[in-house]
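Report on the following structure.
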Amino acid sequence: MTAAPRTQPLPPPATTLSQDDARRLALRAQGLLGAPDRRNGTAARSASTRGGGGRRAGVRGVLRHLGAVQLDTISVLARSHELVPYARLGAVGRDAVDTAYWTGGHSFEYWSHAACLLPIEEWPHFAFRRRAYRAKGHRWHIMADAERSCAAVLDRLKADGPLTTTELGGGRNGGEWWDWSETKIAVEFLLDTGQVVCTERRGWKRVYDLAERAVPDALLHDDLDDAECLRRLVAQAGAAMGVATRADLADYHRLKGGQVDAAIEGSGLVPVEVEGWGKPAWADPAALAAPPRGRHRTTLLSPFDSLVWDRPRTERIFGFTHRLEAYVPRPKRIHGYFAMPLLSGGRLVGRADPAREGTTLIARQVSMRGPTAVRPMAQALHEAAAWVGCDSVRLERCDDAKLAEALRAELTHMSDQTD
């Protein structure tokens, strides 16, 4: 549904927030301010109702609160969807992360900000997108015989249970990666339109199943009209960001600006003014009710982390320009292939481009905002190394010779302390 642009004047802001207020609200909403709770049991689910920015109830709690965790094929320290809970919870086991995501029917994969893991409770909210794909009849590729091809995939899944593309017959015609087979086009269209769902990956391959088998009966419906879907997604995005502009709210689940305009009034979000933003903003009323307090995380963030995936918002909140350079030709890269922003003290104070050689984590390229960022960078690299099973850290390059010397000394000191 494409809504008409807003024509009525905006209501007056309920309050004015400083830039620091907005930054802290965003950090808490994203689960990066306050003490983590790594539990996944009943006690944790109870605790999750008392706040904690989604870090209560462990990995599943993080996913439920964020509402979307982006997936990506790149794996350096780990894949991005693993790095997201690590940043919030600390060194939760990587196997535990995959188990939390891919077992028990707690999540599904669909198009949100990009290809994302979503809490299974959000299945009804994306009915508007499934309907749009049905009306369009395709996403990227057009099938030679859509009726026959889709029926063949559905028959296989009904007869044989959940299957990968390879098990269905193969995903490519033999050319480039985008040269999909008819079967691959069919199963992806069925996923787009909601007849098929992915609730698991094996060896990074999607495992497709019938939606009627994988989605709980209470959620398996497209009963919500477009307006209600959008209202719920705008409300969820606002809660996950704490405070946001119209463009921020649209970007979170890749909605159109007009769709946000049509949904904002019924979303429950409160209009606010943020000093220095120069544009209208909305805040989660629950976030405004309690001042953000607690311990800040010191951690490296995935470039696809929802705290920083929206580049204009990242620059507005943190004064930090961030760009993924994995697809930039090597000679033109400034910060490296997979530069990970360093979060410390509630601010973005540097970046590191990591790699692994055996049991050594290599910081191929590092930049820091002054001497006060040295110890947090060393701490973040040291902890990340331990998490992925490395026993040492080696710095290759830093854009400041004095800071490089100080970082190497700090890394040596931390290594000596753990020997």
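Hydrogens, waters and symmetry mates play no part in the numbers below; they use all other heavy atoms, side chains included.
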- With side chain to side chain contact (heavy atoms under 4.5 Å, CB included) as the test, would you mind laying out the steps for V215 and F108 before giving the verdict? CA-CA 9 Å; V215 180; F108 71 105; over 6 Å; no
- Message: Would R316 and W277 count as a cation-pi pair here, with the cationic atom under 6.0 angstrom from the ring centre and within 45° of the axis?
- Response: yes
- Message: Classify the ring geometry of Y110 against Y133: parallel below 30°, tilted from 30° to 60°, perpendicular beyond 60°.
- Response: perpendicular
- Query: Less than 4.0 Å between a side-chain N and a carboxylate O, is that true for E228 and R231?
  - Reply: yes
- Message: If the condition is side chain to side chain donor-acceptor pair (under 3.5 Å), which residues does T193 pass it with, not counting sequence neighbours?
- Response: none
- Query: Does the pair S267 and W282 meet the rule for a side chain to side chain contact (heavy atoms under 4.5 Å, CB included), with working shown?
  - Reply: CA-CA 10 Å; S267 69; W282 287 262; 5.9 Å; no
- Message: Evaluate T165 against K205 for side chain to side chain donor-acceptor pair (under 3.5 Å), listing each step before the verdict.
- Response: CA-CA 8 Å; T165 303; K205 292 182 179 179; over 6 Å; no
- ring pair (Phe, Tyr, Trp, His ring centres under 6.0 Å) filter on H113, not counting sequence neighbours, yields W309
- Which atoms form the tightest heavy-atom contact between L219 and P124, and what is the distance? O-CG, 3.6 Å
- Search all heavy atoms of C116 against all heavy atoms of L71 and return the closest pair with its distance. C-CD1, 4.0 Å
- What pairs of residues pass the salt bridge (Lys or Arg N to Asp or Glu O under 4.0 Å) test when at least one of them lies in residues 272-285, not counting sequence neighbours? none
- Query: With sequence neighbours excluded, what pairs up with T360 under the side chain to side chain donor-acceptor pair (under 3.5 Å) test?
  - Reply: S392
- Message: Contact between L190 and Y208 at the side-chain level, heavy atoms closer than 4.5 Å - yes or no?
- Response: no
- Query: Can you tell if the side chain of L381 reaches within under 4.5 Å of the side chain of M414, non-hydrogen atoms only?
  - Reply: no
- Those residues that, when tested against R351, pass salt bridge (charged side-chain N to carboxylate O under 4.0 Å, His left out) (two or more places apart): none
- Query: Side chains of L27 and L343: closer than 4.5 Å at any heavy-atom pair?
  - Reply: yes
- Would you verify whether the NZ or CZ of R130 falls within 45 degrees of the ring axis of W111 while also being under 6.0 Å from that six-membered ring's centre? no
- Would you mind listing every salt bridge (Lys or Arg N to Asp or Glu O under 4.0 Å) that reaches into residues 395-406, with sequence neighbours excluded? R394-E396
- Note on the structure: By side chain to side chain donor-acceptor pair (under 3.5 Å), T183 pairs with (sequence neighbours left out) none
- Message: Looking only at side-chain N and O atoms, does Q379 offer a donor or acceptor that is under 3.5 Å from a partner on T298?
- Response: no
- Message: Holding to salt bridge (charged side-chain N to carboxylate O under 4.0 Å, His left out), I want the full list of residues that pass it with R131, two or more places apart in sequence or in another chain.
- Response: D226
- Message: Let's go through D248 and Y252 carefully: what are the C-alpha distance in whole Å and the side-chain angles of both, what is the deciding distance for side chain to side chain contact (heavy atoms under 4.5 Å, CB included) to 0.1 Å, and is it a yes or a no?
- Response: CA-CA 6 Å; D248 298 341; Y252 204 82; over 6 Å; no
- Side-chain contact, heavy-atom cut-off 4.5 Å: V243 with L17? yes
- Message: Using ring centroids (six-membered ring only for Trp), state whether H81 and W204 fall under 6.0 Å.
- Response: yes
- Can you tell me which residue pairs pass the salt bridge (Lys or Arg N to Asp or Glu O under 4.0 Å) test with a partner in residues 187-204, sequence neighbours excluded? E109-R201, R139-E188, R139-D192, E167-R202, K184-E188, E188-R206, E200-R202
- Indicate yes or no: at least one non-hydrogen side-chain atom of V349 is less than 4.5 angstrom from one of T372. no
- Message: Taking salt bridge (charged side-chain N to carboxylate O under 4.0 Å, His left out) as the definition, give me every residue that meets it alongside R408, ordered by chain and number, with sequence neighbours left out.
- Response: none
- Message: Using a strict threshold of under 4.0 Å (side-chain N to carboxylate O), is an ion pair present between R79 and D72?
- Response: no
- Residue pair H322, T314: steps toward the side chain to side chain donor-acceptor pair (under 3.5 Å) verdict: CA-CA 7 Å; H322 173 54; T314 302; over 6 Å; no
- Query: Using 30° and 60° as the class limits, which term best fits the ring planes of F304 and F338: parallel, tilted or perpendicular?
  - Reply: tilted
- Item | Side-chain donor-acceptor contact under 3.5 Å, R333 with Q365 | no
- Close side-chain approach of L191 to V197, heavy-atom, < 4.5 Å: no
- salt bridge (Lys or Arg N to Asp or Glu O under 4.0 Å) partners of residues 367-380, not counting sequence neighbours, each pair once: R375-E410
- Give the intermediate values and the outcome of salt bridge (charged side-chain N to carboxylate O under 4.0 Å, His left out) for residues R246 and D261. CA-CA 8 Å; R246 173 185 188 259; D261 290 342; 2.7 Å; yes
- Does the side chain to side chain contact (heavy atoms under 4.5 Å, CB included) test come out yes or no for L411 and L407, once each step is laid out? CA-CA 6 Å; L411 287 168; L407 179 58; 4.1 Å; yes
- For R134, salt bridge (charged side-chain N to carboxylate O under 4.0 Å, His left out) partners two or more places apart: D222
- Query: Within the side chain of E325, is there an N or O that forms a donor-acceptor pair under 3.5 Å with the backbone of I334?
  - Reply: yes
